[in-house]
Asks: 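Got a structure for you, questions after.
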Amino acid sequence: MRVKEILREILSTSAQTAKTKGELAFESLPVFEIETPKLAEHGDLASNIALVMASQAKRPPRQIASILIENLSPPPGFLAKVEIAGPGFINFFIEDAYWFRVLPEIHQLGPAYGNSDLGRGKRVQVEFVSANPTGPLHIGHGRGAALGDALANLLAATGHQVEREYYINDVGNQMFTLGKSLYYRAKELQGEAVEFPEDGYQGDYMKDLARQYLAEGGSVPEKPEEAALQALGRYAGDRILAGINQDLKDFGVTFDRWFSETSLYEEGWVERAFARLKEAGLVYEREGALWFAASRFGDDKDRVVRRSSGATTYFASDIAYHLQKFERGFDQVVDLWGADHHGYVPRLMAAAQAMSFKDRLRIMLVQLVTLLRQGEPVAMTTRGGTFVTLREVIDEVGKDAARFIFLTRRSDAHLDFDLEVAKQQNAENPVYYVQYAHARLASVFRQPGAEGLEEAEPNQELFRLLSLPEEVDLTKRLAAYPEVVEGAAANLEPHRITYFLTELASQLHSYYRNHRFITEDADLTRARLALVKGVKTVLAHGLGLLGVSAPESM
RNA sequence: GCGCCUGUAGCUCAGCAGGACAGAGCAACGGACUUCUAAUCCGUCGGUCGCAGGUUCGAAUCCUGCCAGGCGCGCCA
């Protein structure tokens, strides 16, 4: 059992005991915190229980704290010291020997240390990237990809059954525009003086695609007839999607399912969604169009789902898609969207509420990435064709550095991504700092002096030799790891892992620099190797969650 | 005009669903390699937490109002 849980239990028990003995009066035990204080003098863990009980018990917090401490019955060898501090905090100092219990646990669990069963039995879907197949992925998509993948990893590590999904908008106008763009680029290549349409996709990738199309013997009709353009659009869409798939693979991201919007129509999901809303009286006709009464669920206004032309809207597809998702039985669905779609959230949530799966849907917004090159912003628009692709970023700075940098920010904060900084392999680039810690340890275990010793079953007696403050602190950090993973998963915040790893690496580097692990004393060596083996295991686990490699050497 | 996100050290950002004197990296300055990888370590310098009120025993954190930056407000996707 974890230290925090033990404390919570003995504190609750103490309060109940005091109540029974008539020393404290309270209706029900209020919610209290147990947390790691910022300052070491305040102990390993501290609780505000006395402060939050004060109003109910009608006594000063410090007095309550003192009563609670008197009634405490901790397990033997657990507590070194308990203090009342400040306004009434209870500070707990845990026996060093107790912390070292985590080391055998890590050795035993190996790469599974850090996993938990928090989400056991829960099916979760993470839908991310879902970029329209009208052009290559750009750097903003990269952030979404890194984040979605790390989230999925976190959820999987905490015992959820996770599915990664990519939604393909392959219906409607944009496929037609894509076909039109291909058509005119092909005509240009054939030497015809045509004028490229203003609403076409300007990027050079369309020229490449046209070249490829012609090289494969594709035919270009005389006139831009609709059917021909649709076919060209499908061709281009397929090729672009294949490119996206490849880019994502090289970025370390794979999906369990690529979901086609078209299939929603083929399988009747859109009609099913309409029928369901109709039944509930939430759609109506006006000016020839069909409207969903989104304003009844907190949206600004009602929204069109079928235009007067008879064509359904993107929103209609999305309602149907989410209905389909929940019919698949997910306990939770996480949608990762670019922040430029945030205005769309209320209407989808309105639909979710109307169909009563609102509490199972979580829409996360990924703020935009401002790309810099040597401090200068780079303008990006897909249509205008000026943008830095994810492919370029992977080629220039590498998958590991890119993913790590994307995950050093909260998702709802804007991100400045400087290509030149990301490329540098120095201290400004935290990914190498963490990877280097791992590589250094790998090197230690390759030393002749480490032979055989690392295999030794670590026993508690041995850990008495770990008396340095940094050794105890490092162990405490390792012990905290599973909780950090759970917190990151529960709050959908992968950046917590990034920060944890940077701190762990920092502690390790400092320890490494000041002390030798392989020493004259075989027992001490054994103990220290057991400790740093634990560090190495946790570093590898954390990097794995982020989708960043843990190199054996650098 | 309305809505969402952001505003913490010169720069880039953390701050764990309010807690004890606000943290890290970079930059600047000064040190440390005959020793398991110096992509490292040690030290110094640096902040009215955008501003003003409010709630609380206690606020960077919650509420209100301003200010600044970003994004979005279609029978587009």
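Chain A is the first sequence line, chain B the second, and so forth, proteins listed ahead of strands; every chain is numbered from 1.
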Asks: Let's test this: given Watson-Crick or G-U wobble pairing with both distances under 3.5 Å, identify the partner of B:rA28.
Replies: B:rU44
Asks: Hey, is the side chain of A:Glu493 pairing donor to acceptor with the base of B:rC16 inside 3.5 Å?
Replies: no
Asks: When rounded to the nearest Å, what value does the distance between C1' atoms of B:rG58 and B:rG19 take?
Replies: 6 Å
Asks: Return yes if the base of B:rA38 and the side-chain atoms of A:Arg513 contain a donor-acceptor N/O pair under 3.5 Å, otherwise no.
Replies: yes
Asks: Applying the Watson-Crick and G-U wobble criteria at under 3.5 Å, what pairs with B:rG18? Answer none if nothing qualifies.
Replies: none
Asks: Taking only the C1' atom of each, what is the distance from B:rC42 to B:rU12 in whole angstrom?
Replies: 24 Å
Asks: Is it true that the side chains of A:Asn132 and A:Gln174 contain a donor and an acceptor less than 3.5 Å apart?
Replies: yes
Asks: Establish whether the base of B:rA20 is bridged to the side chain of A:Asn91 by a donor-acceptor pair shorter than 3.5 Å.
Replies: yes
Asks: Does A:Ser308 contact B:rC75 through a side-chain donor or acceptor facing the base, at a distance under 3.5 Å?
Replies: yes
Asks: Both conditions, 6.0 Å and 45 degrees, for the charged tip of A:Arg143 above the ring of A:Phe417: are they met here?
Replies: no
Asks: When you compare B:rA28 with B:rG10, how far apart are their P atoms, in angstrom units rounded to a whole number?
Replies: 16 Å
Asks: Do A:Glu261 and A:Ser317 have a side chain donor and acceptor closer than 3.5 Å?
Replies: yes
Asks: Quick one: label A:Ala311 by what it contacts on the DNA or RNA (base, sugar-phosphate, nothing), any heavy atom closer than 4.0 Å.
Replies: nothing
